[in-house]
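Below is one structure, written out as structure tokens; the observations come after it.
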Amino acid sequence: MKKRLLLVVTFISGVCLAQDANYFSNKNFIKMLNKDTTYVALRKKITEEYMHSSPGNWGEFVKDVDEDINTKDKIIAFTFDACGREKGTGFDQELIDYLKKENIPATLFVTGRWIDEHFETFLSLSKEKNFEIENHGFDHKPCSIDGESEYGIHGTATVGDAFDEMEANARKIEALTHYKPKFYRSATAFIDEACAKMARQLHIQAVSFQVLSGDAVPFTPTNEIEKNVLKNIKPGAIVIMHMNHPQWNTFEAIEKIVPKLKAEGYRFVLLKDFSLNSIKGSH
């Protein structure tokens with residue numbers, strides 16, 4: 001018993017003593033967090049502070065959410081979500097292999113559920129210097145303090161649930177990689193203003209996007225994804241795409257998009273290396 005307690009305490013403080021998929025599963029991880037007095041105290045503090053708050057506006061572009069990179073240079077950030085809400089969610093190996101082959105930096109937003117489904121793959125990705133691991137939520141729920149839904153996915157029902165969605169996954173990623181995510185993209189990218197403000201208190205920046213590729217719609221044609229990106233691209237743009245549906249056309253589109261953007265003089269960067277522009281009001 002004493003040995004097990006030591007493992008939990010040391011683990012929660014951010015030191016990864018073992019990389020065992022079952023040990024770090026969402027189910028076990030949240031149990032461990034609920035025994036961590038610092039986590040429980042912070043959750044209680046945030047819950048009490050927001051208990052009577054209005055959720056404010058709801059959407060992809062609300063106050064305190066970051067939208068693009070603060071630059072006039074021809075740089076863009078490719079971001080790829082790994083959602084993983086459904087069992088058996090995939091991994092687009094061809095896409096990742098292409099990014100590696102072409103030396104393209106990419107920011108990967110991953111959920112706790114996707115980590116559980118692809119544990120060894122996640123650990124491997126986290127060691128790649130051109131990939132930045134960021135937070136897409138513990139259970140892939142839109143972030144809301146009152147249970148808003150989007151695209152048929154129910155959001156977090158309470159302040160405490162919203163806190164867990166952001167903070168639990170940030171700590172899980174930190175425990176496995178020794179890097180605490182700086183950015184958080186809510187499931188579906190929808191978030192309310194209260195949660196966006198809460199994120200900042202947790203030293204997390206909520207991020208949306210500026211260019212919607214459309215690859216999240218099943219089997220969107222390659223040329224349509226390509227067109228969506230190329231016609232809307234501009235300096236500092238954050239492009240949202242996905243890496244958990246290999247059967248869709250993300251890889252095929254990226255293979256066409258990258259050479260054309262290079263020809264236009266664009267280069268590709270990681271979010272963590274730049275300051276971002278925050279939205280001052282919903283639009």
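In Lys227, the NZ atom is not crowded: 12 or fewer heavy atoms of neighbouring residues, nucleotides or ligands sit closer than 6.0 Å.
Residues Tyr179 and Tyr184 do not share a hydrophobic cluster, clusters being chains of Ile/Leu/Val/Met/Phe/Trp/Tyr side chains in contact below 4.5 Å. Connection of Leu270 to Ile76 is not established within any shared hydrophobic cluster, with ILVMFWY side chains joined at heavy-atom distances below 4.5 Å, either directly or through further cluster members.
Scanning both residues, Ile30 and Lys27, for their nearest heavy atoms gives CG2-O, 3.6 Å. For Leu261 against Leu230, the heavy-atom pair with the smallest separation is CD2-CD2, 3.7 Å. Scanning all heavy atoms of the two residues, the minimum distance from His242 to Asp215 falls at N-OD2, 2.8 Å. Shown here for Leu212 and Asn228, the closest heavy-atom pair between the two residues is O-CB, 3.6 Å. Looking at every heavy atom in both residues, Ile153 comes nearest to Pro142 through CG2-CD, 3.5 Å. Contact detail for Ile191 and Ala196: the closest heavy-atom pair is CD1-N, 3.8 Å.
Looking at heavy atoms from C-beta onward, Leu276 lies in side-chain contact with Leu271 at the 4.5 angstrom threshold. Looking at heavy atoms from C-beta onward, Val211 lies out of side-chain contact with Ile238 at the 4.5 angstrom threshold. Side-chain contact check for Leu95 versus Gln93: every heavy-atom pair is 4.5 Å or farther apart. A heavy-atom distance below 4.5 Å is not found between the side chains of Arg267 and Lys74. Side-chain contact between Val258 and Tyr98 is present, with at least one heavy-atom pair separated by less than 4.5 Å. Between Ile75 and Ile69, the closest side-chain pair of non-hydrogen atoms falls below 4.5 Å. Counting heavy atoms from C-beta outward, Thr79 and Val239 have side chains that stay 4.5 Å or more apart. Between Ile96 and Phe91, the closest side-chain pair of non-hydrogen atoms falls below 4.5 Å.
Scanning for ring-ring contact (aromatic ring centres under 6.0 Å, His included) contacts around Tyr50 gives an empty result, with sequence neighbours left out. For Asp161, the side-chain contact (heavy atoms from CB on, under 4.5 Å) partners two or more places apart in sequence, or in a different chain, are Arg43, Thr156, Ala157, Thr158. Residues satisfying the ring-ring contact (aromatic ring centres under 6.0 Å, His included) test with Phe251, not counting sequence neighbours, are none. Not counting sequence neighbours, Phe138 has no partner by the ring-ring contact (aromatic ring centres under 6.0 Å, His included) test.
Note that the CE atom of Met166 and the CG atom of Asn169 stand 11.5 Å from one another [nearest 0.5 Å]. The OG1 atom of Thr111 sits 8.0 Å away from atom CG of Asn244, with the distance rounded to the nearest 0.5 Å. Here Ile133 contributes atom CD1 and Lys272 contributes atom NZ; the two are 11.0 Å apart, rounded to the nearest 0.5 Å. In this structure, Phe209 CZ and Asn232 CG are separated by 10.5 Å, a value rounded to the nearest 0.5 Å. Here OG of Ser213 is found 10.5 Å from CD1 of Ile233. Values are rounded to the nearest 0.5 Å. Note that the CD1 atom of Ile204 and the CE atom of Met198 stand 10.0 Å from one another [nearest 0.5 Å].
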Show your working on side-chain contact (heavy atoms from CB on, under 4.5 Å) between Leu33 and Phe29 and close with a plain yes or no.
CA-CA 6 Å; Leu33 285 178; Phe29 192 81; 3.3 Å; yes

Could you check Asp66 against Arg200 for salt bridge (Lys or Arg N to Asp or Glu O under 4.0 Å), going step by step and ending with a plain yes or no?
CA-CA 11 Å; Asp66 293 336; Arg200 290 192 176 266; 3.2 Å; yes

May I have the step-by-step check of side-chain contact (heavy atoms from CB on, under 4.5 Å) for His118 and Val110, ending in yes or no?
CA-CA 10 Å; His118 299 277; Val110 299; over 6 Å; no

Please step through side chain to side chain donor-acceptor pair (under 3.5 Å) for the pair Trp58 and Glu150, ending with a clear verdict.
CA-CA 10 Å; Trp58 168 253; Glu150 200 61 41; 3.1 Å; yes

Asp164/Tyr39 under side chain to side chain donor-acceptor pair (under 3.5 Å): CA gap, chis, key distance, verdict
CA-CA 10 Å; Asp164 288 337; Tyr39 185 87; 2.6 Å; yes

Where do His154 and Lys141 land on the side-chain contact (heavy atoms from CB on, under 4.5 Å) test, with the steps shown first?
CA-CA 6 Å; His154 292 291; Lys141 295 180 180 179; over 6 Å; no

Residues Thr107, Glu134; criterion side chain to side chain donor-acceptor pair (under 3.5 Å); working and verdict:
CA-CA 7 Å; Thr107 300; Glu134 296 295 347; over 6 Å; no

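The pair Glu117-Arg113 does not meet the salt-bridge criterion, since no charged nitrogen lies less than 4.0 angstrom from a carboxylate oxygen. A salt bridge links Lys180 to Glu167: at least one charged side-chain nitrogen sits closer than 4.0 Å to a carboxylate oxygen. Lys234 has no carboxylate O lying under 4.0 Å from a charged side-chain N of Asp68, or vice versa, which leaves the two without a salt bridge. Between Asp116 and Lys172 there is a salt bridge, since a side-chain N of the basic residue sits under 4.0 Å from a carboxylate O of the acidic one. Between Glu128 and Lys100 there is a salt bridge, with a side-chain nitrogen of the basic residue lying less than 4.0 Å from a carboxylate oxygen of the acidic one.
Side-chain atoms of Ser144 do not come within 3.5 Å of backbone N or O of Gly155 as any donor-acceptor pair. In this structure, the side chain of Glu165 engages the main chain of Asp139 through a donor-acceptor pair within 3.5 Å. No donor-acceptor distance shorter than 3.5 angstrom exists from the side chain of Asn34 to the backbone of Val40, with no hydrogens or angles considered. A donor-acceptor contact shorter than 3.5 Å is absent between the side chain of Thr222 and the backbone of Ala253. Panel note: side chain Asp81, backbone Cys83; no donor-acceptor pair is recorded below 3.5 Å. Asp36 contributes a side-chain N or O that, together with a main-chain N or O of Thr38, makes up a donor-acceptor pair within less than 3.5 Å.
Think of Trp248 as one node in a network of Ile, Leu, Val, Met, Phe, Trp and Tyr side chains linked at under 4.5 Å; its network also takes in Phe219.
Glu193 and Asn57 are linked by a side-chain donor-acceptor pair at a separation below 3.5 angstrom, with hydrogens and angles left out of the test. Using modelled atom types and a 3.5 Å distance limit, the side chains of Ser208 and Arg185 yield no donor-acceptor pair.
Legend: side-chain hydrogen bond (donor to acceptor under 3.5 Å, both in side chains) pairs involving residues 252-261, not counting sequence neighbours, sorted by first then second residue: Glu226-Lys260.
Partner of Phe268 under the ring-ring contact (aromatic ring centres under 6.0 Å, His included) criterion, out of Phe78, Phe274, Phe131: Phe78 alone.
The aromatic ring centres of Tyr23 and Phe119 sit 6.0 Å or more apart. Residues Phe122 and Trp114 keep their aromatic ring centres 6.0 Å or farther apart.
Ring geometry for His136 against Phe109 counts as perpendicular: the plane angle is over 60°, on a 0 to 90° scale with 30° as the lower cut.
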